[in-house]
Amino acid sequence: MGMNDATVPFITLPNWIKAAGYCGFNINPIFSRYGVEADLLHLEDARIHVSTLNQLMAACVDAANTTGRGHHFPFILGETFTFEYLPEMETYINTSSSLRDAAKVLTWVHELISPFVDIQLEEDARSARMVLVYPPIGGLNDGSMANLPYTSESFFATLLKFTRMLVGQNTAIRLLRFRHPPPSYAHLYEEFFQVPVAFNQERDVMELDQELLDRPLLGAYPDLHQQAELLVQQRLARQPLWHGTAAQLHRLYQTNDALLAQTLEHIADRLNMHPRTLQRHLSQEGTSFGELQTEARLRAAVDALQHRRENLESLSERLGFSDRRSFTRAFKRWTGVSPSQYRHSLR
Amino acid sequence: MSEPERAATPENHQIVPRKDLDFQFDQVPKYWFGGDPFKTRFFDAMSMLFPEGEKFFIECVRDYRDQVSDPVMQEHIRDFIFQEGQHGMVHTRFNDRLKKQGIEVDAITQKNKEILAAYRRRTPKWFTLSLTTGGEHMTAIMAHNFLHRPEIFAEADHRMRAMYYWHAIEEIEHKAVAFDVLQKIAGANYFQRIAGLLWETFLFPFHVFLVMRHMLQVDGQSSWKTWIKGFWWLYGPGGLYMKLLPHYLTFYLPGFHPWRFGRMDAMRHWLDVYDKDGDPIAAGDTVARTFS
Ligand SMILES: [Fe+2]
Ligand SMILES: [Fe+2]
């Protein structure tokens, strides 16, 4: 499966129609131009090529620009987003007892809606951060989703909307950080988000007060919440599997920390493959062993720093970094701070 | 306990997704187990722990789902998750009734959730899967015994009995799913396999007793006499736990597989009645009549 064949779910199709209407254009001709079949009967199974999704987005941005209403399409797509066709997700969010509780949806969004973006929650004593991560799995890492500003724009619009809905309109979201340089329409950002914005950052991050995570929510409704989560679990189990070697490797690392320090040969053996076959598959999927390994190591590092008391020396060794320096460098590239700063900022 | 001698999940084994079952909880009396507060609250306490526990089991098995290439095993995992999801939802509905009796359902559920989340965060995936496998062994032995020893539920309200029988049937149907994933996909060794069950053997009853203590206090029934009598019912000769013990121990045999042990006749009987008219209460009643 080459990277151009990678498809992602398109259960959000009705949201696109709604956002287009809001922006003042008809999306029907755009859908036909790119061969998108709109069929509500099979919405749960609808899939779309990543490249098509990118083209669709660009076309919608252009169309919105010509209507004269002055809307930037990704902002509207994000802001008008609801889980209409995943009703138990909406119920789960609305019945949460805290923002932390609601944040569990983020991993499901990744699995059900947008495999090309994973949203991780990080926290220290003062701030909580929702970080957009672009996992190189299933041939989705050709960079298109990660490099366009549109993905982060619409994701943050949605995240802000739900956060404000849960914890209150005038919630102090501290800052939005974007990786991309300021676009030509940068002046629209603060007006739209109503939050300070920074460009050219290391990662795409929404920062808020840590205290907000555990603030009790008015809509808490524990039994419905519990039932909604079980329904989501049943839905997740019906999802088709992520095929491909990169996905397999990704899962293998997630379930087994001890493999992070293992060599390519060892891992290939574990997957019953010749090392060269493994490398070939990964490169066909647009990624590499080193890339996947580093990503998995850094995820494990963030996790360990948050939840364990391991010293940095042994952590960097356990994760398989050649030395403390290369660990620090990689970690800093990933989170923006060094491991010791990261740990220091925790309680 | 004797009868099947299989070293693996039977071929063509089906795990059937069932839904929309009605147990008429609104007609069940408060002390539904022979009017006995201790026995009733023993099952109610388990019922309180089930939905979060089942969610935990689902997540721990799902951790490995993407590594499974065998389509039959994939299907079993999907149906296992469906069944556990239904159990959780039905128990949540029952637990909602306990709230009206003054039981702190939400607070206890929240606590339970935090404990299980800590396991998910702090312990390796093989261990949480081992906990799941151990938990599934405990539910499976309860299931086999509840169905084949009708004296256990003889004094219970027949609608509640029907609910536990249904849960038992499905626990038997999917009893080897977590086990097979642990053995074949996670590649657990003997020690890793038994670690979860050992851990739970002490903690699970302890949690049940903590929840019961709260319940019996709310009921004004927490006297020494109640507890001593209750422990005798559980641990005395011929007590509930003692009845489960031989089957429990089979798990520690090298080469154990869930399908090597456990009678199946009551289950076939249940399926015959249920498949005819889809009434779990009638199916439960028939099993209870036939095997008494
Ligand atoms: Fe269950
Ligand atoms: Fe089960």
Side-chain angles (χ1 to χ4, degrees), chain A residues 88 92 95-98 100-101 103-104 107-108 111 115 121 137-138 214 216 220-259 270-272 300 303-304 306-310, chain B residues 17 19 50-52 54-69 71 74-75 77-97 99 105-110 112-114 117-118 120-126 128-129 181 185-187:
Chain A
E88 66 274 21
Y92 181 86
T95 54
S96 296
S97 55
S98 66
R100 183 192 300 282
D101 198 10
K104 200 164 178 186
T107 57
W108 301 332
E111 288 188 54
L121 181 65
I137 59 165
D214 294 305
Y221 196 151
D223 358 323
L224 274 187
H225 191 64
Q226 203 169 43
Q227 292 196 330
E229 184 172 354
L230 289 161
L231 283 170
V232 175
Q233 294 291 358
Q234 290 180 333
R235 184 189 288 275
L236 289 170
R238 290 196 304 269
Q239 273 294 101
L241 282 188
W242 255 135
H243 285 296
T245 310
Q248 231 180 322
L249 186 55
H250 182 77
R251 290 291 167 164
L252 191 61
Y253 280 137
Q254 277 195 336
T255 49
N256 198 341
D257 264 12
L259 297 176
R270 189 60 202 241
L271 294 170
N272 289 323
D303 195 57
Q306 295 212 25
H307 303 299
R308 298 192 201 185
R309 281 169 210 268
E310 197 173 357
Chain B
K19 61 178 192 173
F50 277 145
E52 286 305 322
E54 286 167 325
K55 229 154 63 187
F56 176 82
F57 291 173
I58 289 172
E59 291 182 316
C60 299
V61 169
R62 217 160 56 78
D63 282 339
Y64 287 90
R65 179 176 169 250
D66 287 14
Q67 293 171 44
V68 176
S69 48
Q74 275 296 342
E75 200 179 299
I77 291 175
R78 197 187 57 218
D79 295 333
F80 157 79
I81 291 176
F82 185 89
Q83 289 192 336
E84 294 295 21
Q86 290 307 113
H87 303 167
M89 282 185 268
V90 168
H91 280 279
T92 302
R93 217 188 305 147
F94 174 77
N95 298 343
D96 200 33
R97 278 169 43 89
K99 255 188 235 180
V105 176
D106 293 342
I108 292 169
T109 301
Q110 182 58 30
N112 190 19
K113 191 170 172 171
E114 282 162 19
R120 299 259 322 140
R121 265 201 318 271
R122 288 169 211 263
T123 66
K125 298 281 181 260
W126 70 260
T128 54
L129 185 60
V181 175
I185 309 299

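Lettering of chains follows the sequences in order, A, B, ..., and the numbering in each one begins at 1.
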Do B/Thr109 and A/Asp223 have side chains that approach each other closer than 4.5 Å (heavy atoms only, starting at C-beta)? no
Distance col, row A/Gln234:CD vs B/Asp79:CG, nearest 0.5 angstrom, shows 10.5 Å
The interface call for B/Ile81 against chain A, heavy-atom contacts under 4.5 Å, is both
Max heavy-atom pairs within cutoff under 4.5 Å with chain A, candidates B/Glu54, B/Arg78, B/Glu59, B/Arg62, goes to B/Arg62
When the 4.5 angstrom heavy-atom criterion is applied to B/Gln86 and chain A, the contacting part is both
With chain B, the option among A/Arg235, A/Glu229, A/Arg238, A/Gln239 that has the most non-hydrogen atom pairs under 4.5 Å is A/Glu229
Whatever's closer than 4.5 Å to a heavy atom in chain A on B/Val105 counts as neither
Report task. Any chance you could lay out the side-chain hydrogen bond (donor to acceptor under 3.5 Å, both in side chains) test for B/Thr92 and A/Gln227, step after step, and finish with the verdict? Result -> CA-CA 7 Å; B/Thr92 302; A/Gln227 292 196 330; 4.8 Å; no
Looking only at B/His87, B/Met89, B/Lys99, B/Gln83, most heavy-atom pairs under 4.5 Å shared with chain A are made by B/Met89
Honestly, the part of A/Leu236 sitting under 4.5 Å from a heavy atom of chain B is both
Report task. For the residue pair B/Asp63 and A/Gln254, establish whether any side-chain heavy-atom pair is separated by less than 4.5 Å. Result -> no
So A/Asn256 and B/Lys125, do their side chains get closer than 4.5 Å, heavy atoms only?
no
When the 4.5 angstrom heavy-atom criterion is applied to A/Asp101 and chain B, the contacting part is side chain
Output for pair (B/Phe82 CZ, A/Leu231 CG), nearest 0.5 Å, gives 9.0 Å
- For residues B/Arg65 and A/Arg251, determine if any side-chain heavy atom of one lies less than 4.5 Å from a side-chain heavy atom of the other. no
Margin query: Taking the side chain as everything from C-beta on, heavy atoms only, tell me whether A/Gln226 gets closer than 4.5 Å to B/Lys113.
Written below: no
